Asks: 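The structure's right below; bear with me while I get my questions together.
Just so you know, these numbers come straight off a predicted model, no measurement behind them.
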Amino acid sequence: METKTNKLHFFLFLFLFMALFIFAYRNLLSVGMMAFGDLASFPNQMSKIYFESFFSSWQPRGLGNNDQQLPGLFFLALLASILRDNALLVQKIFYFSLLPLAGIAMYIFLRRFLNSYFAKFLASFIYTINPVTIGQFSGGGPGILCSYAVLPLLLLFLFNILEREEGRLHNLLLFTLFFALASSFNIQFPLMIVPLIAVPLFINILAKKNLKYGLKTVLLFVVSYVICFLLMSPGVLPFLKGSADVILPVEILLADVKSTYSLLNIPNLLRLSGNVGAFDWWLGYGDSPAWNIFGFILPALAFLPLLFKFGKQRSRYVIIFSVLASSIILFCWLTHHRLTLGLFREFPFLFVFRNPVKLMIFLPLAYSPLIGITIDRLQEWASTHRANSKILVGYIVVISSIAIYCWPFFTGDLGQSKFRGDSFIVPSVYHEVGEWIEKHRKKEGFFRTLLLPYDHETELSGDLIDRYSFTRPAGVAAVNLPNNDYIKFTLDSLCNEQTNNIGTLLAPASVKYTIVNLASSQKGAPTLNGFFPSGDPENFIKILNKQKDLRLVDQQENFLVYENKEFLPHITAYDRALFIPVTNSTSRLSLMMRLFRTPGFEIGRQLLVFGGQLSSKQRSWFLNNRDVPISQGSAAGTRNSTTGERARSYSYKAVKISQTSYKVSVKSERPLFIVLGETYHPSWNAYVNDEKLEHFPAFYYANGFYLDKTGRNNVKITFDEQRTGNLTIMIWAVAWICLILLLLLSFARRKLAVKKQSF
């Protein structure tokens with residue numbers, strides 16, 4: 001009978017909880033694709049795109065970068081396949097399920113030690129809805145929310161491992177499963193979770209006073225970490241390699257720590273205000289609105305159990321969660337006063353927490369069980385002393401305070417309308433532009449696009465519109481790549497009207513169409529904010545109409561399309577090269593702009609190589625190979641020796657095999673240069689009969705290869721790091737299969753053991 005009652009209460013909880021969230025999401029359920037913060041929109045044909053991105057070690061955005069995606073992308077692609085590429089439905093299911101799943105997971109955990117149904121419900125609600133979670137939804141933090149949703153389940157299996165001798169391996173496998181799922185969407189999660197594991201582990205080892213138990217338990221979690229890294233291996237190795245390339249100076253990271261913790265004082269911490277990365281003012285970061293004052297009721301209820309007496313097991317829970325909450329508050333407060341900066345210097349892994357929200361997600365995790373224990377204890381007291389009327393008044397006060405504190409939940413859009421209005425929904429014009437691009441790409445093959453102006457929605461829905469847009473690099477590994485300067489310089493030249501041949505500057509990047517969004521509400525003169533050109537669309541149209549190498553080819557109600565007359569294919573062959581010995585990056589780019597205006601320089605025939613980008617070996621090759629059709633350019637960039645027309649003596653055809661492999665069939669009477677329009681990377685290599693071709697940066701950012709063989713040749717261009725990527729995917733797949741099989745075997749053994757006991 002007790003089991004049936006528990007099941008009934010659980011299903012009742014699910015019904016009430018889902019009803020609450022349907023009410024909370026009522027204004028968001030029927031609207032279009034969302035895009036704000038990191039809550040990016042999903043592209044059409046997302047299963048194909050996401051599978052390709054997951055299995056590829058090279059990503060196409062921002063002229064390409066070596067950034068193999070996290071395993072979470074595979075799971076999203078799988079969901080999209082099941083739902084037949086209904087990207088809108090996939091987005092709503094994914095984003096809208098994270099917070100309810102967090103509450104359900106917390107309820108499952110609380111059933112372990114709480115008796116009161118009301119205590120479990122209220123504590124689960126508080127865990128799910130508070131300024132941290134609302135801020136992460138509004139600020140766009142799906143990675144953190146994915147981690148947040150499974151934290152209570154990790155706690156459940158963590159305590160099972162620590163407190164039960166029987167079934168430890170079974171619980172370890174379950175712990176590892178959810179650990180890996182959370183890490184699949186958040187590469188930093190294995191480091192973030194260290195405090196959550198360390199505090200209960202340390203307190204339980206102290207309580208048991210058993211060294212053997214402690215060493216054995218630590219070993220179990222080491223094994224769990226190893227398995228977890230295997231289960232997210234496609235994202236781990238590229239992340240480590242990319243981080244080594246782009247690690248920021250410690251002083252810059254410390255400056256970021258000082259900035260993000262600057263307003264995180266004790267009152268804001270206790271109220272769970274201060275979700276850095278979200279919208280500071282209305283979430284109470286700094287100037288707290290009046291409604292946020294009620295947030296003090298959470299720590300007041302959470303730390304109240306310290307005054308009560310409990311049994312041994314519940315006392316341990318109170319100590320663990322109180323220590324966890326107090327440690328986080330203390331660390332954040334000390335960092336706010338810049339007293340922990342030395343720790344960040346000595347232990348660089350702490351920079352994972354340079355945004356305090358990474359630590360603050362553990363505060364509701366600690367508060368919720370403590371609040372549940374408080375309410376549970378108060379109900380026990382009321383029942384013993386027949387004071388149900390008094391406890392009812394207390395309930396009303398608590399519920400009213402929490403309802404006011406969590407008011408954005410009840411607005412129907414988690415507070416979106418207050419800050420953004422409709423701007424978090426991707427406007428229909430972007431869907432129209434995306435359809436236009438897709439239609440033309442099917443007919444014309446590969447090309448890139450430039451979208452103007454680059455406002456908020458364009459930035460965040462870039463993949464929805466065009467994955468091959470001429471825009472900022474995507475991913476950490478792109479930070480130090482040469483595409484940055486080239487993209488920024490070209491867009492700056494456009495916005496500041498420094499050229500009337502923008503098409504020629506865009507040509508080496510295979511940009512064929514420039515599209516102007518007439519529906520944009522931006523005003524003012526064109527300016528470049530970082531990598532994003534912004535301004536009035538009409539002003540961009542005036543600039544584009546002055547360009548000699550662009551022509552207007554389509555005029556829709558909401559957008560205009562200009563074609564680049566100097567467009568170059570993704571893979572292009574050249575029979576001449578111009579070598580410029582200039583070293584300074586700004587000078588190289590400025591020189592490139594002047595060269596493209598120089599009579600005698602043919603953008604489709606002459607390759608451009610800058611000495612300052614070449615290694616000593618590459619430079620020596622260029623200077624010493626006299627048989628190579630190379631001419632020397634002057635520093636001014638106004639003279640070269642290869643003027644005059646010559647008949648083309650070569651032909652070629654390029655075929656894309658995959659995102660990291662191309663085949664080029666070449667017929668030529670003389671040696672040729674072949675250029676792949678992806679950001680230069682040493683792992684891009686070209687081979688003829690397994691013989692590697694000379695490889696060097698071309699047109700400042702791209703990959704150039706020298707083919708010295710005449711006649712008919714088949715050139716294979718590959719991204720060699722893909723072999724490592726394939727290995728990590730194989731490890732990932734085998735690890736998941738083994739974990740699932742082990743879990744199934746473990747469940748079967750437990751079921752068999754129960755049957756034997758019943759006999």
Side-chain angles (χ1 to χ4, degrees), residues 52-53 56-69 238-239 241-246 446-451 462-463 466-493 505-512 530-532 567-572 574 577 585-586 588-589 592 603 607-615 618 654 656-662 664 673-686 693-706 717-722 724-725:
E52 184 180 59
S53 294
S56 174
S57 296
W58 186 263
Q59 303 307 318
R61 255 195 114 185
L63 307 186
N65 64 87
N66 58 318
D67 184 29
Q68 192 160 4
Q69 301 296 294
F239 175 78
K241 293 180 69 174
S243 296
D245 293 336
V246 302
F446 178 88
F447 59 78
R448 289 192 174 98
T449 57
L450 171 61
L451 306 173
D463 282 348
D466 182 19
R467 298 175 68 237
Y468 301 99
S469 56
F470 187 77
T471 179
R472 67 176 175 86
V476 178
V479 174
N480 286 334
L481 296 178
N483 49 15
N484 293 32
D485 289 340
Y486 173 47
I487 293 170
K488 201 166 186 176
F489 176 85
T490 303
L491 296 177
D492 187 62
S493 301
L505 270 178
L506 292 167
S510 304
V511 178
K512 187 170 186 178
F531 289 94
F532 308 127
F567 167 72
L568 295 174
H570 194 209
I571 295 179
T572 312
Y574 301 81
S585 62
T586 305
R588 291 198 298 264
L589 289 163
M592 186 165 73
I603 184 68
L607 183 66
L608 190 60
V609 180
F610 292 104
Q613 287 184 294
L614 302 181
S615 66
Q618 292 169 330
K656 179 180 178 180
I657 300 171
S658 69
Q659 204 155 281
T660 56
S661 182
Y662 300 85
V664 188
F673 296 93
I674 298 173
V675 171
L676 169 68
E678 298 286 329
T679 300
Y680 177 82
H681 193 282
S683 284
W684 277 114
N685 284 298
L693 305 184
E694 293 291 340
H695 182 203
F696 48 85
F699 289 115
Y700 190 82
Y701 89 95
N703 296 274
F705 307 100
Y706 180 63
I717 301 175
T718 63
F719 186 65
D720 291 342
E721 275 191 24
Q722 184 61 40
T724 305

Asks: Distance from Leu693 atom CG to Asn685 atom CG, nearest 0.5 Å?
Replies: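 Between atom CG of Leu693 and atom CG of Asn685 there are 8.5 Å.
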Asks: Cut-off 3.5 Å, side chains only: do Glu678 and Trp58 have a donor facing an acceptor?
Replies: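 Yes, because at least one side-chain N or O of Glu678 sits under 3.5 Å from a partner of the opposite role on Trp58.
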Asks: With rounding to the nearest 0.5 Å, note down the distance linking OG1 in Thr724 to CG in Asn66.
Replies: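 Answer for the OG1-CG pair, Thr724 versus Asn66, is 11.0 Å.
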Asks: If every non-hydrogen atom of Gly64 is compared with every non-hydrogen atom of Thr679, which pair is closest and at what distance?
Replies: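 Distance-wise, the nearest heavy atoms are O-OG1, 3.1 Å.
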Asks: What residues form a side chain to side chain contact (heavy atoms under 4.5 Å, CB included) with Ser57, not counting sequence neighbours?
Replies: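 Applying side chain to side chain contact (heavy atoms under 4.5 Å, CB included) to Ser57 gives Gln68, Phe719, Gln722.
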Asks: Answer yes or no: is there a side-chain heavy-atom contact under 4.5 Å between Asp485 and Tyr701?
Replies: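 Not touching, per the 4.5 Å side-chain cut-off.
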Asks: Would you say that Leu568 contacts Tyr574 through its side chain, given a criterion of any heavy-atom pair below 4.5 Å between the two side chains?
Replies: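 They are in contact (side-chain heavy atoms under 4.5 Å apart), so the answer is yes.
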Asks: Kindly indicate whether the side chain of Lys656, heavy atoms from C-beta on, has any atom under 4.5 Å from the side chain of His570.
Replies: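 Side-chain contact under 4.5 Å: no.
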Asks: Indicate yes or no: at least one non-hydrogen side-chain atom of His681 is less than 4.5 angstrom from one of Asn65.
Replies: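 Result no, sub-4.5 Å side-chain heavy-atom pair not found.
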Asks: Working to the nearest 0.5 Å, report the span between CG of Asn483 and NZ of Lys488.
Replies: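 Separation between the atoms: 12.5 Å.
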Asks: May I ask you to test the Ile571-Pro569 pair for a side-chain heavy-atom distance under 4.5 Å?
Replies: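 SC-SC contact between Ile571 and Pro569 ruled out.
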Asks: Mind checking the CG-CZ spacing from Leu607 to Phe699? Nearest 0.5 Å is all I need.
Replies: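 Going from CG on Leu607 over to CZ on Phe699, the span is 5.0 Å.
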Asks: Is the ring centre of Tyr662 less than 6.0 Å from the ring centre of Phe446?
Replies: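 Centroid separation for Tyr662 and Phe446: 6.0 Å or greater.
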Asks: With distance as the sole test, does Gln59 use its side chain to make a donor-acceptor pair with the main-chain N or O of Ser53 at under 3.5 Å?
Replies: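 Yes, because the side chain of Gln59 sits within donor-acceptor range (under 3.5 Å) of the backbone of Ser53.
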Asks: For Thr660 and Ser56, which heavy atoms make the closest approach, and how far apart are they?
Replies: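 Reported closest heavy-atom pair: CG2-OG, 3.4 Å.
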Asks: Please round to the nearest 0.5 Å and tell me the distance separating atom OG1 of Thr471 and atom CZ of Phe531.
Replies: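 Reported to 0.5 Å precision, the distance equals 8.5 Å.
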Asks: Looking only at heavy atoms, which two atoms of Ser469 and Leu451 are closest? And how far apart?
Replies: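 Minimum heavy-atom contact is CB-CD1, 4.5 Å.
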Asks: To check you understand the geometry: which heavy-atom pair defines the closest contact between Lys512 and Phe567, and what is its length?
Replies: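 Taking Lys512 first and Phe567 second, the nearest heavy atoms are CB-CD1, 3.5 Å.
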Asks: Are any of the side-chain heavy atoms of Ile717 and Ile674 separated by less than 4.5 Å?
Replies: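 A side-chain contact exists here, since the closest heavy-atom pair is under 4.5 Å.
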Asks: For Gln613 and Phe610, indicate whether the former's side chain and the latter's backbone hold a donor-acceptor pair under 3.5 Å.
Replies: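 Answer holds: no.
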Asks: Grab the two heavy atoms, one from Arg467 and one from Arg61, that are nearest each other, plus how far apart they are.
Replies: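 Heavy atoms of Arg467 and Arg61 come nearest at O-CG, 3.3 Å.
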Asks: Do the side-chain N and O atoms of Asn703 and His695 include a donor-acceptor pair separated by under 3.5 angstrom?
Replies: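 A donor-acceptor contact under 3.5 Å links the two side chains.
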Asks: Flag the pair Leu450 / Leu491 as yes when at least one side-chain heavy-atom distance between them is below 4.5 Å, and no otherwise.
Replies: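 They are in contact (side-chain heavy atoms under 4.5 Å apart), so the answer is yes.
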Asks: With a 3.5 Å distance limit and no angle check, can you tell me whether Arg448 reaches the backbone of Ala509 through a side-chain donor-acceptor pair?
Replies: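 Yes, Arg448 side chain to Ala509 backbone: donor-acceptor pair under 3.5 Å.
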Asks: Calculate, to the nearest 0.5 Å, the distance between atoms OH and OH belonging to Tyr680 and Tyr700 respectively.
Replies: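 These two atoms lie 13.5 Å from each other.
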Asks: Grab the two heavy atoms, one from Ile603 and one from Ala507, that are nearest each other, plus how far apart they are.
Replies: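 Shortest heavy-atom contact: CG1-CB, 4.2 Å.
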Asks: Counting C-beta onward and ignoring hydrogens, is there a side-chain heavy-atom pair between Phe470 and Tyr486 closer than 4.5 Å?
Replies: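 They are in contact (side-chain heavy atoms under 4.5 Å apart), so the answer is yes.
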